[in-house]
Asks: 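My questions all concern the structure below.
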Amino acid sequence: VGRDTRASSSRLALAICDGVGVLRPTHVRSVGVVTTPQLHYIVRCENDPSYGVPTIGGYEEKLLEAFGKLLSSGARSPRRYKGTVNVDCACGVGSIALSNMEERLSAVGLVVNLVNRVGEGVLNEGCGADFVKTKQRAPAKADVMGRWASFDGDADRIVYFFSKGQDGFCLLDGDRIALLLSSFVKSLLTAAGAEEIKVGLVQTAYANGASTERAKEDLGDALACAKTGVKHCHHAALAYDVGVYFEANGHGTLLFSQKFVDRMQSLATSSDAEKKGAAEKLLHFRDLINETVGDAISIFLAVEAVLYLTDSDCDAWRAMYDDLPNRQIKVLVADRGIFETTDAERVCVKPAGLQAEIDKAVAKVPKGRAFVRPSGTEDVVRVYAEAESTEAMLTLAQDVVDAVHSMAGGVGEKPTVT
């Protein structure tokens, strides 16, 4: 049983321990204040001892050892990469977990400046990955100078951001993290002579169309779209030798098959120095990844390792593709239950005729794409629209909003897309 830093957590954790303790036979273990991914890691290790030591110390040691080995395999003096990064911890438990690793990270060349630690504000208020992603601006106490990562409150999501001259705030979200990591793995597999190991990327319908096109360039047809929710993405990623999945909000991870492990372990004994080196890096990279669930700290270290090894920076990462202008709009409806979707929520089956109207609107604009999906918790329909230009995107989004409001029982004033 793990808990976070909120006042109610101690009582809830004790209640759970008491409740489970009623069962016989049973064994309850409290691991104290931990991030959600740390708890997942410990549970995995308890069930599969080969995965690691089921303690917080075991978690830290596994990640830090893998990170150190990856950095030691790269150039000693990178030119573009700068080894200082700022981390917005959302006033959450991630600040405790990462602060415990600060000293050893600094020893291998990564200086981490923690902002919005536990006790410095209200959890996720004006800070954190969700705030940065949805508001498209820096969190509280951030000056935006340099490279920034932003965790969410329980440290299972991460996005990056930086300031790009006159362009100002630039977000590097889950789509971009997925492409950075999958492209890195793909390049090392090529260097190792293991092209038969298939790297696949799983996105949701909310992934920007430009990221999907870039993914096709890097990975070919090894691309899938899953329903919104990491449980759907995780399942889809299992179909690949190396499955990469991220939602745009920064929640995701990588999964490595036994086929991948066996092949890399074999190549790590190769007499070919290039193949051996690439295989060893991939094995260290696997150890750096928390495969159980999205983990902001694990992915943070993975991103930093990739940027270091490729001697890259946020500008180069950002330049992988340009996002298509897009909007997400909520439309209040009388009954969300009348909506039914298919094709990973990209096609609306019910109400009848609505998808035809969406298709007509999409056909009018270049690089247009739009879909609607009902909320799982309230009578709201979420509309997503993107297009080549902002003007075209706004037109498309308004057309779809109008269609939903008029054909599907819109409630109240019809939203105006701006």
Side-chain angles (χ1 to χ4, degrees), residues 130 133-134 157 173-175 178 200-213 215-216 221 223-239 243 245-249 251-252 294 324-365 367-387 392-417:
D130 187 61
K133 169 66 176 172
T134 58
R157 281 189 279 163
D173 63 6
D175 293 342
L201 175 61
V202 179
Q203 297 181 317
T204 70
Y206 287 105
N208 193 276
S211 74
T212 304
E213 290 304 310
K216 290 177 181 177
D221 63 353
L223 188 64
C225 184
K227 291 177 65 176
T228 303
V230 289
K231 65 179 181 180
H232 302 296
C233 296
H234 190 102
H235 180 75
L238 291 170
Y245 71 87
F246 277 84
E247 293 190 301
N249 64 16
H251 196 171
L324 293 172
N326 62 91
R327 290 287 189 280
Q328 294 185 42
I329 312 98
K330 291 182 179 180
V331 181
L332 295 176
V333 294
D335 179 13
R336 71 181 186 276
I338 67 171
F339 286 82
E340 183 180 327
T341 63
T342 188
D343 190 21
E345 303 173 314
R346 292 176 292 185
V347 176
C348 184
V349 179
K350 295 178 181 179
L354 179 57
Q355 185 61 47
E357 293 302 311
I358 296 173
D359 292 341
K360 289 178 184 177
V362 167
K364 294 176 183 177
V365 298
K367 296 186 178 179
R369 186 171 71 92
F371 65 90
V372 300
R373 59 180 292 268
S375 167
T377 57
E378 55 185 335
D379 283 324
V380 163
V381 173
R382 306 183 193 280
V383 173
Y384 177 88
E386 67 182 30
M393 176 273 297
L394 291 174
T395 298
L396 172 58
Q398 190 64 62
D399 286 348
V400 176
V401 166
D402 292 350
V404 170
H405 198 271
S406 64
M407 298 178 65
V411 174
E413 186 176 349
K414 181 173 60 181
T416 299
V417 183

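Counting from 1, the numbers follow the sequence of the chain as shown.
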Asks: Does atom NE2 of H235 have more than 12 heavy-atom neighbours from other groups under 6.0 Å away?
Replies: no
Asks: Using every non-hydrogen atom in the two residues, find where I329 and P415 come nearest and quote the distance to one decimal.
Replies: CG2-CB, 4.0 Å
Asks: Could I get the full list of salt bridge (charged side-chain N to carboxylate O under 4.0 Å, His left out) partners for K216, not counting sequence neighbours?
Replies: E213
Asks: Nearest 0.5 Å, please: how far is CZ in R373 from OG1 in T228?
Replies: 4.0 Å
Asks: Minimum heavy-atom separation for T212 to Q203, with atom names?
Replies: OG1-OE1, 2.8 Å
Asks: I'd like to check the side-chain contact (heavy atoms from CB on, under 4.5 Å) partners of L332; sequence neighbours left out, ordered by chain and number.
Replies: V380, V411
Asks: D335: which residues meet the side-chain contact (heavy atoms from CB on, under 4.5 Å) condition with it, sequence neighbours left out?
Replies: I338, D379
Asks: Test your reading of the model: is there a side-chain donor-acceptor pair from H251 to the backbone of G229, 3.5 Å cut-off?
Replies: no
Asks: Verify side chain to side chain contact (heavy atoms under 4.5 Å, CB included) between K367 and L324, making sure each step is shown before the conclusion.
Replies: CA-CA 8 Å; K367 296 186 178 179; L324 293 172; 4.1 Å; yes
Asks: Using side chain to side chain donor-acceptor pair (under 3.5 Å) as the criterion, list what pairs up with T342, not counting sequence neighbours.
Replies: none
Asks: Report yes if the side chains of E378 and K330 come closer than 4.5 Å at any heavy-atom pair, otherwise no.
Replies: yes
Asks: Using the test side-chain contact (heavy atoms from CB on, under 4.5 Å), find all partners of A370 that sit at least two apart in sequence or belong to another chain.
Replies: I358, V362, A385, L396, V400
Asks: Using side-chain contact (heavy atoms from CB on, under 4.5 Å) as the criterion, list what pairs up with T416, not counting sequence neighbours.
Replies: Q398, T418
Asks: Mind checking salt bridge (charged side-chain N to carboxylate O under 4.0 Å, His left out) for D343 and listing every partner two or more places apart, or none if nothing turns up?
Replies: R346
Asks: CD/E345 to NE2/H232 distance, rounded to the nearest 0.5 angstrom?
Replies: 7.0 Å
Asks: Measure the spacing between CD of Q328 and CD of E386 and express it to the nearest 0.5 Å.
Replies: 10.5 Å
Asks: On a heavy-atom basis, which atom in A215 and which in L201 lie closest, and how many Å separate them?
Replies: CB-CD2, 3.7 Å
Asks: For the residue pair D173 and A248, what are the closest heavy atoms and their distance?
Replies: CB-O, 3.3 Å
Asks: Please list, one pair per line, the donor and acceptor atoms closer than 3.5 Å that link side chains of residues 350-357 to other protein atoms, with sequence neighbours excluded.
Replies:
| unit_1 | atom_1 | unit_2 | atom_2 | d |
| --- | --- | --- | --- | --- |
| Q355 | OE1 | C348 | N | 2.7 |
| Q355 | NE2 | D359 | OD1 | 2.8 |
| E357 | OE2 | K360 | NZ | 3.4 |

Asks: Please identify each residue that fulfils ring-ring contact (aromatic ring centres under 6.0 Å, His included) with H234, with sequence neighbours left out.
Replies: Y245
Asks: Of all the heavy-atom pairs spanning V365 and A387, show the shortest one and how long it is.
Replies: CG2-CB, 4.1 Å
Asks: Check for a donor-acceptor pair, side chain of N208 on one end and backbone N or O of D175 on the other, with a separation under 3.5 Å.
Replies: no
Asks: What are the two closest non-hydrogen atoms of F339 and P374, and how far apart are they?
Replies: CB-CG, 3.9 Å
Asks: Taking only residues two or more places apart in sequence, or in another chain, which ones meet K227 in a salt bridge (charged side-chain N to carboxylate O under 4.0 Å, His left out)?
Replies: none
Asks: So how far is it from R157 CZ to N249 CG, rounded to the nearest 0.5 Å?
Replies: 4.5 Å
Asks: Test of understanding: with salt bridge (charged side-chain N to carboxylate O under 4.0 Å, His left out), list the residues that count as partners of D402, not counting sequence neighbours.
Replies: K414
Asks: Quick one: list whatever passes ring-ring contact (aromatic ring centres under 6.0 Å, His included) with Y206, sequence neighbours left out.
Replies: F371, Y384
